[in-house]
> 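Have a look at the structure that comes next, please.
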Protein chains: 2
Amino acid sequence: MDQSDIKEAGLKVTKPRIEILKLLETSEKQHFGAEEIYHELLSKDIKVGIATVYRVLTQFTAAGLIIKHNFEGDQCVFELDRGEHHDHMVDMKSGKIIEFYDEIIEQRQKEIAKEHGFELMEHSLTLYGEFKDKG
Amino acid sequence: MDQSDIKEAGLKVTKPRIEILKLLETSEKQHFGAEEIYHELLSKDIKVGIATVYRVLTQFTAAGLIIKHNFEGDQCVFELDRGEHHDHMVDMKSGKIIEFYDEIIEQRQKEIAKEHGFELMEHSLTLYGEFKDKG
DNA sequence: TTCTATATAATAATGATTATCATTTACAAT
DNA sequence: ATTGTAAATGATAATCATTATTATATAGAA
Ligand SMILES: [Mn+2]
Ligand SMILES: [Mn+2]
Ligand SMILES: [Zn+2]
Ligand SMILES: [Zn+2]
């Protein structure tokens with residue numbers, strides 16, 4: 001249950017928190033901007049303030065419930081942390097985002113870090129381009 | 001010569017443009033934020049407006065003279081495009097940035113893109129962590 | 001030197017995100 | 001169930017990086 005995740009993060013179980021988590025859990029789409037979440041909730045007649053959305057997203061990120069991405073452009077996007085790391089491919093035309101995971105790349109990153117005496121904590125790999133529509 | 005690069009970009013050769021390019025070319029440091037460049041020039045008694053710095057950086061980026069990076073945090077950093085692609089390791093404590101290039105990773109990215117029918121145009125790979133000081 | 005499109009710098013505006021603060025609420029203790 | 005209180009909310013103001021506006025200045029061609 002998600003309520004327990006919120007509790008375990010030391011946060012009270014409130015309507016905005018439940019709804020934001022539910023949206024990220026049940027939506028077809030995986031990646032959302034803050035404003036996007038805000039409008040999605042409003043369209044479902046869930047009254048919430050934009051400040052609360054930002055506040056909750058920050059708290060969920062700190063708690064490890066969600067992940068924050070800084071793709072190109074100005075606004076950040078968030079997604080549920082399902083525990084399985086992956087990187088992204090972003091279609092610069094449509095905005096469509098595809099996830100991928102490559103063991104070879106992940107290993108090389110660790111090796112490179114070690115070679116440089118660098119304690120690797122996290123990384124960000126994003127491919128930008130365009131999906132060639134199957135004609 | 002750098003003046004020619006500016007001309008070839010279809011831009012007039014002006015003091016701010018010359019100085020911004022010179023700073024990026026001659027500085028020990030490789031990566032600069034816009035505000036950082038602004039203050040650096042002011043400290044050299046080169047009078048320039050912050051709006052001009054942003055404007056010129058945008059123009060230089062469009063012209064391929066420099067590269068713009070969206071690392072974690074809010075402000076972007078710029079560096080001279082020396083034609084040799086590389087990725088970055090960022091020390092989250094000191095802010096120090098180290099560059100690296102790994103052929104295996106670069107190749108895997110291309111293969112992954114091809115597997116997904118994705119026309120790869122650019123990519124961003126950044127490792128975040130901490131350099132372990134050699135004791 | 002003159003002309004004019006372009007560039008500059010001061011400043012206002014924008015857009016995303018964060019801070020304030022008065023009001024409301026979750027939830028633990030009664 | 002009631003109460004008390006720390007935490008949360010939402011309206012709004014404030015920030016901060018970046019972009020737009022515009023009157024003045026200048027690069028560079030003629
Ligand atoms: Mn993802
Ligand atoms: Mn670099
Ligand atoms: Zn990865
Ligand atoms: Zn690379």
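Quick caveat: nothing in here was measured; it's all calculated off a predicted structure. The sequence lines fix the lettering, A, B, ..., with proteins before strands; numbering per chain opens at 1.
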> Hey, does the side chain of B:Arg55 come within less than 4.0 Å of D:dT19's phosphate (OP1/OP2), counting only N and O?
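No, because none of the side-chain N or O atoms of B:Arg55 sits under 4.0 Å from OP1 or OP2 of D:dT19.
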> For the pair made of CG in B:Leu42 and C1' in C:dT8, what is the distance, rounded to whole Å?
14 Å
> Please determine if a side-chain N or O atom of A:Lys47 lies less than 4.0 Å away from the OP1 or OP2 oxygen of D:dA11.
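Yes, because at least one side-chain N or O of A:Lys47 sits under 4.0 Å from OP1 or OP2 of D:dA11.
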> Please work out whether the ring planes of A:His31 and A:His86 are parallel, tilted or perpendicular, with thresholds of 30° and 60°.
perpendicular
> Between the protein and nucleotides 26-30 of chain D, which nitrogen or oxygen pairs are less than 3.5 angstrom apart?
| from | atom 1 | to | atom 2 | distance (Å) |
| --- | --- | --- | --- | --- |
| D:dA27 | N3 | B:Lys12 | NZ | 3.4 |
| D:dG28 | OP1 | B:Val13 | N | 2.9 |

> Whole angstroms only, please: what is the CD-C1' distance between A:Gln59 and C:dT18?
13 Å
> Using rotation axes that map the C1' atoms of four end pairs onto the next four (five pairs an end), what angle separates the end axes of the helix from C:dT1-D:dA30 to C:dT30-D:dA1, to 10°?
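Taking five pairs per end, the axes differ by 30°.
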> Nearest-Å distance, OH (B:Tyr38) to P (D:dT19)?
17 Å
> Counting only heavy atoms not in B:Lys22 (residues, nucleotides, ligands), do more than 12 fall under 6.0 Å from its NZ?
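Not more than 12 within 6.0 Å, no.
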> Could you tell me how far apart A:Leu57 (CG) and C:dA16 (C1') are, to the nearest whole angstrom?
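These atoms are roughly 13 Å apart.
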> Cut-off 3.5 Å, side chains only: do B:Gln107 and B:Glu111 have a donor facing an acceptor?
no
> Any idea which heavy atoms bring B:Asn70 and A:Glu72 closest together, and the distance?
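Answer, listing the atom of B:Asn70 first, then A:Glu72: ND2-CG, 3.9 Å.
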> Is B:Lys44 salt-bridged to B:Glu19, going by a charged N under 4.0 Å from an acidic O?
no
> With respect to the side chain of B:Ala51, which nucleotide from C:dT11, D:dT9, D:dA11 is positioned closest?
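Among C:dT11, D:dT9, D:dA11, the one nearest the side chain of B:Ala51 is C:dT11.
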> Taking only N/O atoms, report every protein-nucleotides 14-18 of chain D pair under 3.5 Å with atom names and distance.
| from | atom 1 | to | atom 2 | distance (Å) |
| --- | --- | --- | --- | --- |
| D:dT18 | OP1 | B:Cys76 | N | 3.2 |
| D:dT18 | OP2 | B:Tyr54 | OH | 2.6 |

> Flag yes if more than 12 heavy atoms outside B:Lys29 fall under 6.0 Å of its NZ atom; otherwise flag no.
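It does: B:Lys29 NZ has more than 12 such atoms within range.
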> Would you please classify the geometry between the B:His116 ring and the A:Phe100 ring as parallel, tilted or perpendicular, with 30° and 60° separating the classes?
tilted
